[in-house]
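What follows is a single structure, written as C-alpha cells, with notes after it.
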Number of protein chains: 2
Amino acid sequence: MDEYIGIIQKTPLFKTMSAEETKKAVEYLNGRVLDYKKGTYIFQRNEKIKNIGLVIKGEARVEREDYYGNRSIIASIGQGDIFGEVYACLENTSLGVNVIAVKDSKILMLNMNKAGLEKGFNQELYARIIQNLISILAFKAYSLNRKIEHITKRSTREKLLSFFSEQAVISQSSSFDINFNRQELADYLCVDRSAMSLELSKMSKDGIIAYNKNHFELLKHS
Amino acid sequence: MDEYIGIIQKTPLFKTMSAEETKKAVEYLNGRVLDYKKGTYIFQRNEKIKNIGLVIKGEARVEREDYYGNRSIIASIGQGDIFGEVYACLENTSLGVNVIAVKDSKILMLNMNKAGLEKGFNQELYARIIQNLISILAFKAYSLNRKIEHITKRSTREKLLSFFSEQAVISQSSSFDINFNRQELADYLCVDRSAMSLELSKMSKDGIIAYNKNHFELLKHS
DNA sequence: TCACTTCCGTTGTAAATGCAACATACTCTT
DNA sequence: AAGAGTATGTTGCATTTACAACGGAAGTGA
C-alpha cells in the first residue's frame with residue numbers, strides 16, 4: 001500500500017493531508033487494493049455499492065447499457081481519478097452503469113460508511129475526509145448545473161453566448177481564453193463542430209464577438 | 001422557532017429526525033429565522049455564502065444574470081425547499097446567481113460549517129445531518145447526470161428513447177407510466193412540444209413504441 | 001525543407017427542428 | 001349535457017442544424 005500513497009494523496013478526497021495522514025485515513029476507510037484484469041467488471045449494474053474506487057494503476061471505463069442492450073461510454077477514468085462516489089452516497093439507489101477495467105488495473109476501494117465516526121477513529125481526520133467528500137459532490141453538482149444551463153439553450157448561438165458569458169463573468173473581463181479546442185467545445189455544448197465554427201464566424205460578422213484561436217472577446221451588444 | 005419545526009422536519013436535511021432532534025439540530029446549526037420583504041435579495045451574486053436557506057414561509061426565486069445583464073429564472077423555491085446548499089459547500093466559489101424573495105418570506109438560515117463537530121455537540125446527531133447533506137448533494141449530482149445523458153443525445157427520437165429506456169430499466173418492465181405531461185417532458189428533454197408529439201407519433205408508426213396518455217411501452221427492436 | 005498530422009473554417013445538401021396555427025380529445029364545473 | 005379550459009396531436013413552413021467533404025493554416029518531426 002505504502003508505495004501508492006503518493007498517487008492517493010493527490011486525489012481531492014485526501015486534500016490537505018500529509019502522507020502520514022493519508023495513510024491513516026486510508027486505513028480508517030478500510031482501504032484495500034484490488035487487482036482487475038483487463039475486461040473484467042469493477043462494478044456492475046444493479047449492484048448497491050458502498051465503496052468509492054480510486055484508480056492507482058491502469059484505466060477504467062464507465063458504460064451505460066440501455067434497454068436494448070446498447071452500450072455507450074459515459075466516462076474514462078485514469079490514474080488518480082475516483083469513481084462511484086455518487087452512488088456510494090445514495091443508499092437506496094443501485095448502480096445504473098457498469099465500470100469495467102480497460103487495462104489490467106489496481107483499484108483502491110474505500111468504504112465511505114459513516115461507521116468510522118463511531119469507532120474511536122481520529123475524529124479530526126475523519127471530519128476532513130467527510131468535508132472533502134462534500135466538496136467533491138458539491139463541485140460535481142455545480143459543474144453539471146453550469147453545463148446544463150448552456151446546453152439547454154435552444155440554438156448554437158445561444159449556447160455559445162451562454163458559455164462565453166459565463167467565462168466573461170468568471171474572468172471579470174470581456175476578453176478571456178478558453179481551455180477547450182473547437183472539437184471539445186462543440187462536444188461540451190452538444191453541437192456539431194463545423195456548425196459551431198460557422199456560427200462563430202457569423203457572430204464575428206455580426207459584431208457580437210471577436211476571436212483569435214482560443215482567445216475570445218464579447219463586444220458590447222445586447 | 002418552535003412553531004416552524006413541523007415544516008423544517010419534513011425537509012431532507014432533517015430526515016429520520018424527531019421533532020425534538022430537529023429542534024436540537026437547528027440549534028447546532030445556528031439556525032436563525034430571517035424575514036425578507038418581497039423583492040429583496042436573500043443571496044446576491046458574488047457573495048460567498050456559508051448558510052443554507054430553508055423557506056419556512058413565502059417563496060424565493062433563483063436568477064442568473066449574464067454578461068449583458070439579462071436575467072433568467074433558474075428555479076423557484078417554495079415552502080420546505082432548501083437552497084444554496086451547493087455553494088455553501090464550496091469554499092472557494094462565490095455565488096453565481098441571485099436569490100430573491102418573490103413574496104414576503106421567512107427563511108431559516110443554517111450554518112453548515114464543520115465547526116459543530118468540535119464544540120461538543122451531540123455527535124451522533126451531527127453525523128446524521130452530515131449524512132443527510134451528503135445524500136442531498138449526491139442525489140443532486142445523480143439527477144443532473146441523468147438529465148444530461150438524455151439531453152446530450154442529438155435527435156429528439158434519441159432523447160426520447162434515452163429517457164424511455166431509463167424508465168424501462170427503473171421499472172424493470174418494458175411498459176411504464178411517466179410523471180410528466182407532454183409539455184413537461186418536452187421541457188425536460190429541451191425540445192419543442194409539438195415536434196416531440198410528432199416524433200412520438202412517428203415512433204409509434206415505426207413500431208418502436210406504443211403509448212396511451214402517460215403509459216408507454218418499448219417494443220422489441222434495436 | 002518536406003512530408004505528415006491536427007486543427008479550423010467553409011460550402012452544399014438533406015434532414016431535423018422550432019414555431020405558429022389549428023384540430024381534436026379530454027377534464028372539470030355548473 | 002353544455003360549455004369552458006386544458007392537454008395533446010397534426011400540418012405547413014422557415015430556419016437551423018448535422019453531416020460529409022474539402023482546403024488551408026499551423027505545428028511537428030525527420
Side-chain angles (χ1 to χ4, degrees), chain A residues 70 72-73 76 147-165 167 175-219 221, chain B residues 70 72-73 76 147-165 167 175-219 221:
Chain A
N70 302 318
S72 61
I73 299 172
S76 283
K147 177 167 180 170
I148 282 188
E149 258 192 65
H150 303 318
I151 63 180
T152 52
K153 296 288 191 303
R154 294 295 167 90
S155 70
T156 301
R157 177 171 294 204
E158 276 185 300
K159 288 178 191 182
L160 284 166
L161 282 177
S162 173
F163 176 74
F164 289 152
S165 180
Q167 296 299 309
S175 78
F176 46 86
D177 292 313
I178 66 173
N179 294 322
F180 291 134
N181 66 26
R182 294 291 185 278
Q183 184 63 62
E184 288 167 341
L185 181 56
D187 288 344
Y188 179 74
L189 297 178
C190 301
V191 295
D192 179 72
R193 181 196 61 76
S194 69
M196 188 187 76
S197 262
L198 184 60
E199 193 60 38
L200 284 172
S201 299
K202 282 188 196 162
M203 290 164 77
S204 179
K205 264 188 204 133
D206 292 351
I208 298 176
I209 63 170
Y211 65 99
N212 187 314
K213 302 194 181 181
N214 286 351
H215 186 80
F216 289 81
E217 181 171 1
L218 284 179
L219 307 177
H221 276 275
Chain B
N70 303 317
S72 60
I73 299 172
S76 283
K147 177 167 180 170
I148 283 188
E149 258 192 65
H150 303 318
I151 63 180
T152 52
K153 295 289 192 304
R154 294 296 166 90
S155 68
T156 301
R157 177 171 295 206
E158 276 184 301
K159 288 178 192 182
L160 283 166
L161 281 177
S162 173
F163 176 75
F164 289 152
S165 182
Q167 296 299 310
S175 78
F176 46 86
D177 292 313
I178 66 173
N179 294 321
F180 291 134
N181 65 27
R182 295 291 185 276
Q183 184 63 62
E184 288 168 340
L185 181 56
D187 288 343
Y188 179 75
L189 297 178
C190 300
V191 295
D192 178 72
R193 182 196 60 78
S194 69
M196 187 187 78
S197 262
L198 183 61
E199 193 59 38
L200 284 173
S201 299
K202 283 188 196 163
M203 290 165 76
S204 178
K205 265 188 204 133
D206 292 350
I208 298 176
I209 63 169
Y211 65 98
N212 187 315
K213 303 196 182 180
N214 286 350
H215 186 80
F216 290 81
E217 180 169 4
L218 286 178
L219 307 175
H221 275 276

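Quick caveat, the model's predicted, so the values are computed rather than measured. In what follows, every chain begins at residue 1, and chains take the letters A, B, ... in the order their sequences are listed.
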Using atom [atom1] of [X] as one end and atom [atom2] of [N] as the other, report the distance to the nearest whole Å.
X	N	atom1	atom2	result
A:Arg182	D:dA26	CZ	P	14 Å
A:Asp187	D:dC19	CG	P	12 Å
B:Met203	C:dA16	CE	C1'	15 Å
A:Asn214	C:dC8	CG	P	6 Å
A:Asn212	D:dA26	CG	C1'	12 Å

query: B:Glu199 has a side chain; which of D:dT11, D:dT17, C:dT17 sits nearest to it?
result: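 The closest nucleotide is C:dT17.
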- prompt: When we call it a touch if two heavy atoms are under 4.0 Å apart, what does B:Ser201 touch: a base, just sugar-phosphate, or nothing?
  reply: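 Sugar-phosphate: the residue B:Ser201, judged by heavy atoms under 4.0 Å, touches backbone atoms but no base.
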message: Using a 4.0 Å heavy-atom cut-off, does B:Ser197 contact any base of the nucleic acid, only the sugar-phosphate backbone, or nothing at all?
response: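 It contacts base atoms.
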task: Starting at NE2 of A:His150, measure out to CZ of A:Phe164 and round the result to the nearest 0.5 Å.
output: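 Here the interatomic distance stands at 10.5 Å.
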Net bend of the helix from C:dT1-D:dA30 to C:dT30-D:dA1, end axes of five pairs each, nearest 10 degrees: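 Its terminal axes enclose an angle near 50°.
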- prompt: Nearest heavy-atom pair of B:Arg182 and B:Asn214: which atoms, and what distance?
  reply: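 So the two residues come closest at NH1-OD1, 3.4 Å.
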Base versus backbone protein contacts along nucleotides 19-26 of chain C [heavy-atom cut-off under 4.0 Å; B, S, -]: BB-----S
message: Heavy atoms within less than 4.0 Å of DNA chain C: which residues of residues 157-165 of chain B have one? Give them sorted by number.
response: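 Close to the strand, none.
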